[in-house]
Amino acid sequence: MSLQFLKSPVQFLKGVGPRRSEVLAQHGVVEINDLLSYYPRRYLDRTSVSLIRELKAGSDPVTVIGTVIAAGVIPGRRTRRFEVVLEDEPGRQMKCVWFQGVGWISKSIEKGHRLAVHGKPARYGGMISFSHPDFDRLDEEGPPVETGRIIALYPGSAPLQQAGMTSRSFRKIIYNLLKERGEELQENLPGDILSKHDLLEGRVARRAIHFPKDQDELSKARHRLKFEELFFFQLLLAKTRTRREAVPGIRIPSSGPLESRFFAEVIPFTLTNAQKNALREIGDDLMSGKQMNRLLQGDVGSGKTVVAATAALKAIDAGHQVAVMAPTEILCEQHFRSLSAFLEPLGVQVGLLTGSTPAASRKELLAEVADGTLQFLVGTHAVIQETVKFKSLGLCVIDEQHRFGVLQRATLFEKGNDPHMLLMTATPIPRSLAMTLYGDLHVSIMDERPPGRQPITTRMVREKERESVYNAMRRAVAEGRQCYVVFPLVAESEKLDLKDAVSGHELLEAEFPEARVELVHGRMKSAEKEEVMSRFISGESPILVSTTVIEVGVDVPNATFMLIEHAERFGLSQLHQLRGRIGRGKHASTCILMAEYKQSEESRTRLRAMEDTEDGFKISEIDMEIRGVGDFFGTKQSGLPAFRIADLLNDQAILVKARAAAFSLVESDKDLTDENHAAMKEYFEAFVLEDGLRLSRVG
Ligand code: ADP
Ligand code: MG
């Protein structure tokens, strides 16, 4: 198949036409290429089909193949249903029942059809039945596509069904397409990679994924296509990284006077081994003569700020300026405070620039940054990216980098005069995901906490225990400790949630008449927020009610108690971040997860995981297992493509190989064939367009 043919619209294929092509387009299938990679969701293996007489109510789901001997809509008082009687051996019958989609399902199944149904056997009125089974029409006499041992079943939807695009239609269309043009399919992976990794040829894999001869061929085809998909994404990352590394970096020596004084005079502790390692890696990057391109991934409380401050001092010692960017104003203010505390004793001035910096001071700040008098600027991304001109920016630190995706990051690096880049995140993620999400960066991991930290006791409780929770809070306050009470803030109903926090605050004020109970939320004016936060940080107010604005960065070691309301509404990683606000000092801490009586299985698993472990990496693994990779960060936010066949959770071994192959290909600078290039472009475009962004300089 020529590339041109692969890129032509499916509409003109036999069996498609205008109506079907419109519905297919809604499912991402526009070009012939898309159709070939519209992969089956499941396969029906005829050798593992059950007989009706063997079925047992309550067993795991099974597949049955039979003939429809009766089918009809049965009216009911409130709802109607569609029932089908299926027979496989003479006199052996079962029922399939649908309560939903009765309209279109009743139109797609008729007496005499051969059906494959997949469902969970139950027994009603003496007969085995499936309710809402997955179903698929088979024909004994159709094209050879239906008589094979393994039959592909495609992802369906009501609109597809209504347009007649059943699994059977997919099989027919793809079968004809491959029969006529399949031989023309070109290999898109370099030959030495194919042989080195023992991969099925592209042409064979593309046929076998739809029409496998046997299980063995199917698994080889899946393997090859997963490899291909992961390979091309890693190639994008490899190219991005190599391109950045071609940018000469300012050479920054390993140690200067400010850095030495910092360790001698300012910090009262010794660095953990994890901090030392991270600093060594950063130091090497800064000296290398290439632009640094590093992610510092450290669990909450692992001490990233000290590492960032040290890196900053190296740059300042070498006569350059430093910018620190964070996503929210609260986080900026927190960085500003802790960095000022570290750096001002050394005579380094730190400036703060956010959306709410008054125009006059903003002008002054910008002037100082431009003429080089101000060496260190903390600010929100938007502000720094748009308007700031530095005299000599040597290092740019970006905090909570997970809010940027791979692709957004590419645009970030385009800005400015190519400073060294240090990205930081407190959200640990599973390694396989890191290789993809952060695959264009070098990664330093800090998985160790400073010594002397007390463990946090975490407990899930119900409303009826609220009084005892308040009593525990009273005890903590009486001992001079401080408490957070957190309410969720879900974007869709922000107003409503805010009401929750506001009324929660009133309730607590009544409950704790002696104590100063304060409220902070995202809708408050920045100055107001700042005042509330500083009263909490200084210990003046013992109880802080807040929305999730405190999620990241806030560091109050005296806070030892956290009550999280409606805990079931939070994601696991978010709960972990929140909890990281306590357990930061020398006193033991308690985290209470207040949960509804009615909870999904999933949310119970999540809250139990919180009770069981404090290890951010473990928590992220569990989170990814529960939610699946797609929802882990949200595809949009992460800038990750929606992979069609690869699964980052289960295909780690393939990922590691594909990554190595992609990076060594880019490093070797070998010539690629037109097919290699075309495939690369195809994949990149798909990935890039998904996010609505263009990677202009990649390639
Ligand atoms: P995070 O990685 O969550 O940003 P921070 O940088 O805010 O963590 O550090 C958490 C707390 O631990 C701070 O109060 C910091 O001063 C302290 N800290 C950092 N490193 C060490 C260390 N090596 N020994 C003791 N305390 C440390
Ligand atoms: Mg921090």
Side-chain angles (χ1 to χ4, degrees), residues 259 262-282 294-313 324-328 330-346 350 378 397-403 422-429 443-456 481-482 484 533 536-539 548-560 562 573-587 589 591 614-617 619-620:
E259 187 185 346
F262 182 54
F263 287 112
E265 297 166 26
V266 180
I267 56 167
F269 41 74
T270 47
L271 296 182
T272 64
N273 284 328
Q275 286 171 320
K276 283 184 198 153
N277 283 338
L279 268 176
R280 186 168 337 106
E281 288 168 335
I282 292 169
R294 184 167 293 278
L295 175 75
L296 179 59
Q297 200 189 345
D299 204 350
V300 278
S302 61
K304 291 181 294 297
T305 315
V306 182
V307 174
T310 311
L313 288 174
V324 171
M325 304 205 259
T328 65
I330 290 221
L331 199 49
C332 283
E333 283 149 16
Q334 172 71 36
H335 277 310
F336 174 68
R337 261 191 306 270
S338 48
L339 288 164
S340 306
F342 279 147
L343 304 185
E344 284 183 358
L346 301 172
V350 182
V378 179
V397 180
I398 301 174
D399 196 22
E400 277 319 309
Q401 118 73 30
H402 73 272
R403 295 172 192 228
L422 178 63
L423 299 98
M424 303 202 294
T425 178
T427 309
I429 59 166
V443 180
S444 298
I445 289 178
M446 298 209 298
D447 50 6
E448 185 185 354
R449 295 194 201 172
R453 292 283 163 83
Q454 295 288 330
I456 303 171
R481 303 287 84 77
Q482 291 168 274
Y484 293 104
M533 286 313 294
F536 188 68
I537 290 164
S538 70
T548 48
V549 293
I550 60 146
E551 182 187 341
V552 279
V554 181
D555 183 28
V556 181
N558 190 42
T560 58
M562 177 173 281
S573 299
Q574 201 182 14
L575 286 172
H576 178 65
Q577 287 299 314
L578 283 170
R579 184 173 59 181
R581 300 305 112 217
I582 56 173
R584 299 172 81 87
K586 52 185 187 298
H587 301 282
S589 294
C591 178
E614 268 190 72
D615 179 334
F617 285 90
I619 285 178
S620 72

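The structure presented is a predicted model; accordingly, all values stated were derived computationally and were not measured. The basis for the numbers below is simple: all heavy atoms, side chains too, and nothing from hydrogens, waters or symmetry mates. One-based numbering, in listed order, for ligands and for the atoms of each.
At least one side-chain heavy atom of Leu296 sits less than 4.5 Å from a side-chain heavy atom of Met446. Contact of the Val443 side chain with the Ile445 side chain is registered, since non-hydrogen atoms from C-beta on lie closer than 4.5 Å. In this structure, the side chains of Asp399 and Gln334 stay at 4.5 Å or more apart for every pair of heavy atoms. Contact annotation: the side chain of Val350 never approaches that of Phe342 to less than 4.5 Å [non-hydrogen atoms, C-beta and beyond]. Here the side chains of Arg453 and Glu614 are not in contact, with every heavy-atom distance at 4.5 Å or above.
Contact annotation for Leu271 and ligand 1: only backbone heavy atoms (N, CA, C, O) come within less than 4.0 Å of the ligand. Residue-level proximity to ligand 1 for Gln275 is carried by the side chain, the only part with a heavy atom below 4.0 angstrom.
The closest approach between any non-hydrogen atom of Ser302 and ligand 1 is below 4.0 Å. Using a non-hydrogen distance threshold of 4.0 Å, Thr270 registers as a contact of ligand 1.
To the nearest 0.5 Å, atom CG of residue Leu339 and atom CD of residue Glu344 are 10.0 Å apart.
The atoms of ligand 1 that sit less than 4.0 Å from any heavy atom of Arg453 are 10 (C), 11 (C), 12 (O), 17 (C). Heavy-atom proximity to Thr272, at under 4.0 Å, picks out these atoms of ligand 1: 23 (N). Which parts of ligand 1 touch Thr305 is read off a 4.0 Å heavy-atom cut-off, strictly below it: atoms 4 (O), 5 (P), 6 (O), 7 (O).
Among Gly298, Gly303, Ser338, the residue whose heavy atom lies closest to atom 8 (O) of ligand 1 is Gly303.
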